[in-house]
Amino acid sequence: MTKLAQWLWGLALLGSTWAALTMGALGLELPSSCREVLWPLPAYLLVSAGCYALGTVGYRVATFHDCEDAARELQSQIQEARADLALRGLRF
């Protein structure tokens with residue numbers, strides 16, 4: 001099962017549970033305080049998911065590893081290519 005399918009199944013499960021509780025399909029009589037929290041629950045979950053995504057991206061950017069050896073190797077290859085192209089008559 002792909003990650004997308006897992007997310008879709010989870011969203012379908014949460015959505016159907018939310019719809020069943022808010023529409024009264026299960027025959028449960030919820031107190032008004034529960035109903036007041038239940039109606040905006042999808043918005044709360046969406047904001048929470050956005051905060052989690054933003055935090056994850058921020059953490060990954062903050063802990064990004066620099067590859068200094070690879071950067072030096074790439075710079076030397078660029079210098080070699082420039083020297084080779086200069087021998088062939090290309091000017092920079």
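This chain uses plain numbering: 1 for the first residue, then up along the sequence. The basis for the numbers below is simple: all heavy atoms, side chains too, and nothing from hydrogens, waters or symmetry mates.
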Examine [X] and [Y] and state if one hydrophobic cluster contains both, with Ile, Leu, Val, Met, Phe, Trp and Tyr joined whenever side-chain heavy atoms are less than 4.5 Å apart.
X: L26; Y: W39; result: yes
X: W18; Y: L30; result: yes
X: L21; Y: L45; result: yes
X: V61; Y: Y52; result: no

statement: Heavy-atom nearest pair, L13 first then S16, reads O-OG, 3.0 Å
- request: Could you give me the CA-CA distance, side-chain angles and deciding distance for L41 and L38, then say whether side-chain contact (heavy atoms from CB on, under 4.5 Å) is met?
  value: CA-CA 5 Å; L41 189 64; L38 194 60; 4.1 Å; yes
query: What is the distance from atom CG of L8 to atom NZ of K3, rounded to the nearest 0.5 Å?
result: 12.5 Å
statement: Rounded to the nearest 0.5 angstrom, the CG-CZ distance for L74 and R72 is 12.0 Å
- prompt: Counting only heavy atoms not in Q77, do more than 12 sit closer than 6.0 Å to its CD atom?
  reply: yes
query: Can R35 and E29 be said to form a side-chain contact (heavy atoms from CB on, under 4.5 Å), step by step?
result: CA-CA 10 Å; R35 278 186 264 129; E29 188 60 38; 3.8 Å; yes
field: pair V57-R60: side-chain heavy atoms closer than 4.5 Å
entry: no
